[in-house]
Amino acid sequence: MTGFIDIGALEDIPRQGARVIRTVQGCVAVFRTLDDRVFALDDRCPHKGGPLSEGIVHGDRVTCPLHNWVFDMNSGAAQGADEGAVRTWPVRVEQGRVLISAELVSRPRAA
Amino acid sequence: MKKLVVIGAGMASGRLLEQLFEAAPGEWHVTLFNAEPRGNYNRLMLSPVLSGEKTYEQIVTHDADWYAAHGVDCRFGEPVVRIDRANRAVYSNSGGAPYDALVIATGSAPFIIPVPGSDLPGVVTYRDLEDTNAMIEAGISGKDAVVIGGGLLGLEAAAGMAARGASVTVVHLMGHLMERQLDPAAGYLLQRDLERRGIKVHCKGATKAILGHGRAEAVLLEDGTVHPADLVCMAVGIRPEVRLANDAHLEVERGIVVDDALRTSDPHIFALGECVEHRGQVFGLVAPLYDQAKVLARTLLGEEAAFRPVQTATKLKVTGCDLYSAGDFAEGEGREDIVFRDPGRGIYKRLVLENDRIIGVVMYGDTADGNWFYGLMKDETDISEMRDTLIFGPAFQGGTALDPMAAVAALPPEAEICGCNGVCKGTIVAAVQGGAHTLDAVRACTKASGSCGTCTGLVEQVMKLTLGDGFVAPAPAGMCKCTDHSHEDVRRLIKSMGLKSIPAVMQELGWKTVGGCHSCRPALNYYLLAEYPLDYRDDRQSRFVNERNHANIQKDGTYSVVPRMWGGVTTPQELRAIADAAEKYAVPMVKVTGGQRIDLLGVKKEDLPHIWADLNAAGLVSGHAYSKGLRTVKTCVGSEFCRFGTQDSTGLGIRLEKLLWGSWTPHKVKLGVSGCPRNCAEATCKDVGVICVDSGYQISVAGAAGMEVKETEPLASTPCEDEAVEIITAFIQLYREHARYLDRPYKWVAKVGLDWVKAQIADLPTRRALVERFEISQSVYRRDPWAEHSTTTETPRWAPLADLTLEAAE
Ligand SMILES: Cc1cc2nc3c(=O)[nH]c(=O)nc-3n(C[C@H](O)[C@H](O)[C@H](O)COP(=O)(O)OP(=O)(O)OC[C@H]3O[C@@H](n4cnc5c(N)ncnc54)[C@H](O)[C@@H]3O)c2cc1C
Ligand code: SF4
Ligand code: FES
């Protein structure tokens, strides 16, 4: 399934911050960078499940609030010596509205 | 002759008519409608008209003679109100005109934010000559003007009005000016230049209302600031003027949809300029519109032509603010930055590269090479060969790549190395030859790199040249990988250079990353807040999660909530309120903490503002159990009840807590007050401990009971409670002003020495000044964060942005 659905206004996400959305596939963190780009990542750090939405956002990276793993929000990959990745989701902004992949409203196919 | 009707005499249609008449005079008979009571003029030059550098007559591009010579039927001051597609005619209120082909070039309309008061007289937009004249005629010399919007237009309006003697404030919603063209570093430099010429800038300012009785008098912002304003100029954005096209049922998205030939969904109707949308893109600068004019002229002459937008560059027409930006300068995967900063001269250049091609350029201060970079970007030139010297521009290209050491070696002895102190290369060489073999020694005898420190690298290169392999550069002890400056340097430079924001620090001290990292940003936020408590605005996004959310995050992502209990004392009512809250929010665990407080563990984030509101209602405030700030003041019962108690230790503890609460410190701070040497409050392993004795108060500091366990060391004794309080306050302020972020007091005292600390506290004027500065800071920070976040506007922001689990049901 392709397509995008509206989840809210860009203004509702703080710059260098994130808001969470609840989905059938778990919580997803939607980040907004200083220069108004958005990224959507599963809100669970692969290390010990930290909520990435509460991390400090710097450039296009986010640092997990629990033990400081750093993730590249483009790819979801852990940086530096740490290994692992968070799932990313297609997201974009149109006329001030944030649109996210409609995949998130359908249940995951057999995992 | 075929009939062409053009709606709108703006920048785009002016260029179209020129192209058309030049290529095929006599092919079309043109009727030109314009809503403005005049023909084509150079809209870009309205800013010089506003500032008084030019007159309207000087910016007219097509005069009456020109229209007459080309047989144009001018219908100026006659807005078109209807297009009749079936009969191919357009109408104004004074009559119609038939067409064989129609061109819509209505440009765009300024956006007005619909806040209360936006319709008051004295509120203007900035688009045409009427707007410009309205600003000029308001006679603003010596009066207050507010410009809402810190983009290209807003800043030109601000500079124009300032040139006419107004006192101008720019209110901008975003964190930095011109955020669409500039990154924060360049935006900061621009702000600095504007402020230097007397224009005030208020970033992160959201307009709430325009106040005034019968006419604009002031602008009120969401944060409560009021800026007086005899005139308000709204320059917050534009939207394509598509009303006619909509009414005529042409295909319209954001703009009038056109194909590559600039044709709308009706084959007889064309459109160009800011009113169109081409392949999803709308336009706001003239360069692409001129290309459109070229293409449309050929289309109208029956030739094949296709419009392809190219990247455009932006410059700001404000004298003295030299900026240049083009392309895409966002960070991204696979993108790299080359950054050059010269804080002394206010120069900043940044190239964004991808696959060895330039894809974005931002420059401030020195933009001479802008066009050269732009050319490389447009041509997609592979720059890998010249990468090392690319940022220095075309003058450095060709020949072999420059070795930085060779560049330093080539400098003459009189070349200046340290700009702040005017130290030249020869002086440094002489010092090194005279025996100064370390950076500190060179600093001590020449002052080079002793001020802003950004020339440290250069000084080291000169030393290395002079000493050869004998020189070992000291390993950088930077705060983090974003900078080579140490915490101490950064604190010192924030003060000496008057840096008042995180972007200012990053720019002036040459940060190597764009947005810092999780370790420097919280530190910088603290340093700025400690240095400028009245001016600095806390940056929430630079705070660690606990402080951002005013609660301790637990391993499962829930939070714990700890109300303050002054000196560990509570009441039945408070206990009842806590119990009620625990029940209402299904708190899984209620626990007494080591600091004599009650901890409610396992609260969900979205419940936080609600539980706080309930606790607030019972008179409880945040215990800051999460903060790098004052945590708890542990007390024993003291003379009130205990048979050994010598003084009112509980009372003193409460007094200290009420004085110190809310203050931010480099790390957490805990106090203990015991009523006698039996020390039931365990005061001698706290950051500050007080033991009450018959003769008064023994104050000791720098204890620890965490990863390291350490007994406190005596700081002072005094017979008088007031003096004890003063000493403790002064000690905490000294710690706030000097310690590096995340050093507990015991670590800091070990670094600076207890004797130095004692000397500062013992000197009465110094002590009093410390207390005074602490009080100033507390006038801002002694506030309950729970109350601030459990308001009706804030509370919804704690909940998820959206819940898609509901939509999944179908
Ligand atoms: C003060 C200022 C400074 C600027 N500086 C720069 C700059 O430095 N660089 C840059 O690239 N761009 C700049 N711009 C933007 C640039 O001016 C525009 O991109 C350009 O003018 C758009 O051209 P246009 O022909 O589409 O619309 P416009 O030039 O706006 O012309 C549209 C015309 O259509 C008329 N009109 C609208 N509706 C009707 C109707 N129903 N009937 C008849 N007529 C109608 C309007 O009155 C207007 O005269 C600046 C703009 C302003 C306001
Ligand atoms: S410290 Fe002394 S005064 Fe305080 S409770 Fe213990 S015995 Fe009593
Ligand atoms: S849970 Fe994210 S770093 Fe440990």
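Sequence lines set the chain letters: A, B, ... in the order given, protein chains first and strands last, and positions in each chain run from 1. The shown structure was predicted, so the numbers you read here are calculated from the model rather than taken from an experiment.
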(request) Just give me the residue among A:H58, A:R61, A:E54, A:M73 that pairs up with chain B most often, heavy atom to heavy atom, under 4.5 Å. (result) A:E54
(message) Could you check whether any side-chain heavy atom of B:S542 comes within less than 4.5 Å of a side-chain heavy atom of A:I56, counting everything from C-beta outward?
(response) no
(request) Calculate, to the nearest 0.5 Å, the distance between atoms CG and CD1 belonging to B:L804 and A:I21 respectively. (result) 4.5 Å
(message) At a 4.5 Å cut-off on heavy atoms, which part of B:P796 comes close to chain A: side chain, backbone, both, or neither?
(response) backbone
(request) Measure the OG1-CD distance between A:T33 and B:Q541 for me, rounded to the nearest 0.5 Å. (result) 12.0 Å
(message) At a 4.5 Å cut-off on heavy atoms, which part of A:P65 comes close to chain B: side chain, backbone, both, or neither?
(response) both
(request) Side chain from CB out, backbone as N, CA, C, O: work out which of these in B:D556 comes under 4.5 Å of a heavy atom of chain A, or both, or neither. (result) neither
(message) Which heavy atom of B:G557 sits nearest to which heavy atom of A:P51, and what is that distance?
(response) CA-CG, 4.4 Å
(message) So for B:R548, is it side chain, backbone, both, or neither that comes closer than 4.5 Å to the heavy atoms of chain A?
(response) side chain
(request) Could you tell me whether the side chain of B:H518 reaches within less than 4.5 Å of the side chain of A:V70, counting heavy atoms only? (result) yes
(message) Just verifying a value: how many Å separate B:H176 NE2 and A:D35 CG, rounded to the nearest 0.5 Å?
(response) 8.0 Å
(request) Please look at B:R254 and chain A and tell me whether the side chain, the backbone, both or neither of the residue comes under 4.5 angstrom of a heavy atom of that chain. (result) side chain
(request) Would you mind reporting whether A:R15 and B:M174 have side-chain heavy atoms less than 4.5 Å apart? (result) yes
(request) Answer yes or no: is there an ion pair linking B:E606 with A:R22, defined by an N-O contact shorter than 4.0 Å? (result) yes
(request) Check whether B:N546 gets within reach of chain A through its side chain, its backbone, both or neither, counting any heavy atom under 4.5 Å. (result) neither
(request) Please flag which part of A:D60 lies under 4.5 Å from any non-hydrogen atom of chain B: side chain, backbone, both or neither. (result) both
(message) Quick check: closest heavy atoms across A:L66 and B:K555, and the distance to 0.1 Å?
(response) CD1-O, 3.8 Å
(request) Name the region of B:R521, side chain, backbone, both or neither, that has any atom closer than 4.5 Å to a heavy atom of chain A. (result) side chain
